[in-house]
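Heads up: the structure comes next, in structure tokens.
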Amino acid sequence: HPEAVAWGPDSHCYAGGELGQLYRFALGGGTLQEVARVEGGALLGLAHDAHGNTYACDERLARVHRITPDGAVTTYADGNDERKMRLPNYPVFDDAGNLYVSDSGGWRAEDGVIWKIAPGGKAEVWDTQANGFTNGMCLSADGAFLYVAESSPPLISRVAINPDGSAGERSLVVQLPRQVPDGLAFDVAGDLYISLYNPNIIYRLTPRGD
């Protein structure tokens with residue numbers, strides 16, 4: 001059950017599994033390798049650092065794991081002393097090594113948040129505006145905005161990243177009534193790809209808004 005896939009710096013594709021598996025495989029075929037298995041876990045979104053470590057959101061154990069290329073698993077973050085993660089869903093690195101993590105909260109509860117984890121693992125709640133079951137995310141090419149799939153209500157929003165790193169204003173990108181947006185990615189032309197949990201569609205939103 002691969003919830004998310006990620007392209008690693010080793011030119012391999014990675015995917016998670018609902019029993020805590022982390023898989024690695026080449027796009028050209030060959031053997032599917034199980035890099036690690038997190039006992040009791042269920043892996044959702046994935047991201048990599050420049051050293052090839054995988055950062056995996058675990059919905060069942062409510063934490064972000066750091067998994068080395070040889071399969072060693074440690075907890076990278078699970079919240080802080082004031083608050084713990086509830087449903088970590090998707091991670092995104094910025095150029096400074098900060099890891100943004102969507103924490104979905106409850107379905108239709110509008111209590112999702114975005115965590116910001118500094119290099120080394122210190123976590124803080126960064127944004128509470130994009131709270132509609134906070135799901136897949138991606139950065140704009142210039143690093144000025146974090147785009148967010150809010151599955152309920154169904155829409156795509158973006159949160160400005162202020163020069164000091166704090167969260168700026170949230171704004172609407174596009175509404176998707178009666179649908180469930182899940183994942184986001186940009187291409188080099190600035191097109192935004194939106195994968196849907198329901199129905200089974202991938203949309204492309206152009207910079208012109210088409």
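If you read the sequence from its start, that first residue is 1, and numbering goes on from there. If you're wondering where the values come from, they're calculated on a predicted model, not measured in any experiment.
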Asn135 vs Ser151, test: side chain to side chain donor-acceptor pair (under 3.5 Å). Steps then yes/no. CA-CA 7 Å; Asn135 208 323; Ser151 298; 2.9 Å; yes
Is it the case that atom CD1 in Ile201 sees more than 12 heavy atoms from other parts of the structure closer than 6.0 Å? yes
Asp187 and Tyr193: side-chain contact (heavy atoms from CB on, under 4.5 Å), yes or no, with the steps? CA-CA 8 Å; Asp187 67 15; Tyr193 293 82; 3.0 Å; yes
Of all the heavy-atom pairs spanning Tyr90 and Gly45, show the shortest one and how long it is. CD1-CA, 3.6 Å
Taking the six-membered ring of Tyr76 (Phe, Tyr or Trp), confirm whether the NZ or CZ of Arg66 is under 6.0 Å from its centre and within 45° of its axis. no
For Ala144, is there any backbone N or O sitting under 3.5 Å from a side-chain donor or acceptor partner on Asp142? yes
Whether the Ser195 and Asp182 side chains hold a donor-acceptor pair (N or O, under 3.5 Å, no angle test) is what I'd like checked. no
Answer with yes or no whether the side chains of Asn53 and Thr68 bring together a donor and an acceptor at under 3.5 Å. no
What's the spacing between Phe186 CZ and Leu184 CG if we round to 0.5 Å? 8.0 Å
Tell me if a side-chain donor or acceptor on Gln21 pairs with a main-chain N or O of His1 at a distance below 3.5 Å. no
Which pairs would a plain distance check flag for residues 170-181, meaning a side-chain donor or acceptor within less than 3.5 Å of a matching protein atom at least two apart in sequence or in another chain?
unit_1, atom_1, unit_2, atom_2, d
Arg170, NE, Glu150, OE2, 2.9
Arg170, NH2, Glu150, OE2, 3.1
Gln179, OE1, Tyr203, OH, 2.7

Taking atom CZ of Arg158 and atom CD of Glu169, what is their separation to the nearest 0.5 Å? 10.0 Å
Please walk me through it: do Asp94 and Leu139 pass side-chain contact (heavy atoms from CB on, under 4.5 Å)? CA-CA 8 Å; Asp94 67 13; Leu139 278 175; 3.8 Å; yes
Are any of the side-chain nitrogens in Arg63 or Asp58 under 4.0 Å away from the carboxylate oxygens of its partner? no
Keeping the roles fixed (side chain from Asp103, backbone from Arg86), state whether a donor-acceptor pair exists under 3.5 Å. yes
Could you check whether atom CG of Asp81 has more than 12 heavy atoms from other residues, nucleotides or ligands sitting under 6.0 Å from it? no
Roughly how far apart are Glu39 CD and Leu19 CG, rounded to 0.5 Å? 9.5 Å
Nearest atoms (heavy-atom pairs only) where Gly52 meets Pro69: O-CG, 3.6 Å
Going through the distances and angles, do Trp115 and Val125 end up as a side-chain contact (heavy atoms from CB on, under 4.5 Å)? CA-CA 4 Å; Trp115 293 84; Val125 174; 3.9 Å; yes
What heavy-atom pair brings Ala42 and Glu18 nearest, and what distance separates the two atoms? CB-O, 3.6 Å
Going by the salt bridge (Lys or Arg N to Asp or Glu O under 4.0 Å) test, which pairs reach into residues 116-129, not counting sequence neighbours? none
ring-ring contact (aromatic ring centres under 6.0 Å, His included), that's the test. Do Tyr14 and Phe25 meet it? Break it down for me. CA-CA 7 Å; Tyr14 288 74; Phe25 56 96; 8.2 Å; no
Given the rule that I, L, V, M, F, W and Y join up when any side-chain heavy atoms are under 4.5 Å apart, are Tyr147 and Ile194 in one cluster? yes
Show your reasoning for whether salt bridge (Lys or Arg N to Asp or Glu O under 4.0 Å) applies to Asp210 and Arg204. CA-CA 8 Å; Asp210 301 325; Arg204 182 178 66 178; over 6 Å; no
Once rounded to the nearest 0.5 Å, what's the spacing between atom CZ of Arg24 and atom NE2 of His12? 7.0 Å
Could you report the tightest heavy-atom contact between Ala130 and Ile114, atom names first, then the distance? CB-CD1, 4.3 Å
Side-chain heavy atoms of Glu110 within contact of Pro153, under 4.5 Å: yes
Between Val101 and Leu87, is there a shared hydrophobic cluster once you connect ILVMFWY residues whose side-chain heavy atoms come closer than 4.5 Å? no
Do the side chains of Leu22 and Leu61 join up, straight or via other hydrophobic residues, at under 4.5 Å, putting them in one cluster? yes
Just so I know, are the side chains of Glu3 and Leu43 near enough to count as touching, which here means a heavy-atom distance under 4.5 Å? no
Minimal non-hydrogen separation, Asn98 against Pro119, with atom names: OD1-CD, 3.5 Å
With a 6.0 Å cut-off (strictly less than), is the heavy-atom count around OH of Tyr197, excluding the residue itself, greater than 12? no
Under 6.0 Å between ring centres: does that hold for Tyr100 and Trp126? yes
Set out, in order, the CA-CA distance, both residues' side-chain angles and the distance that settles side chain to side chain donor-acceptor pair (under 3.5 Å) for Asn89 and Ser104, then state yes or no. CA-CA 6 Å; Asn89 197 318; Ser104 300; 2.9 Å; yes
Should Val73 and Val64 be counted in the same cluster of Ile, Leu, Val, Met, Phe, Trp and Tyr side chains packed under 4.5 Å apart? no
If Ile, Leu, Val, Met, Phe, Trp and Tyr residues are connected whenever their side-chain heavy atoms lie under 4.5 Å apart, and connections chain through other members, are Val148 and Phe145 in the same group? no
How far does CD1 of Ile156 sit from SG of Cys138, to the nearest 0.5 angstrom? 9.0 Å
side-chain contact (heavy atoms from CB on, under 4.5 Å) for Val113 and Arg83? Distances and angles first, verdict last. CA-CA 11 Å; Val113 302; Arg83 178 173 182 154; 3.4 Å; yes
If you look at every heavy atom in Leu27 and Cys13, which pair is closest and at what distance? CD2-CB, 4.1 Å
Residues two or more places apart in sequence or in another chain: which of them pass side-chain hydrogen bond (donor to acceptor under 3.5 Å, both in side chains) with Asp95? none
Do Pro207 and Asp191 make a side-chain contact, defined as non-hydrogen atoms from C-beta onward lying under 4.5 Å apart? yes
Is there a side-chain contact between Tyr23 and Pro2, using heavy atoms and a 4.5 Å cut-off? no
Going from CG on Leu44 to CD on Glu59, what distance comes out if it is rounded to the nearest 0.5 angstrom? 4.5 Å
Would a line drawn from the ring center of Phe93 to the ring center of Tyr55 be shorter than 6.0 Å? yes
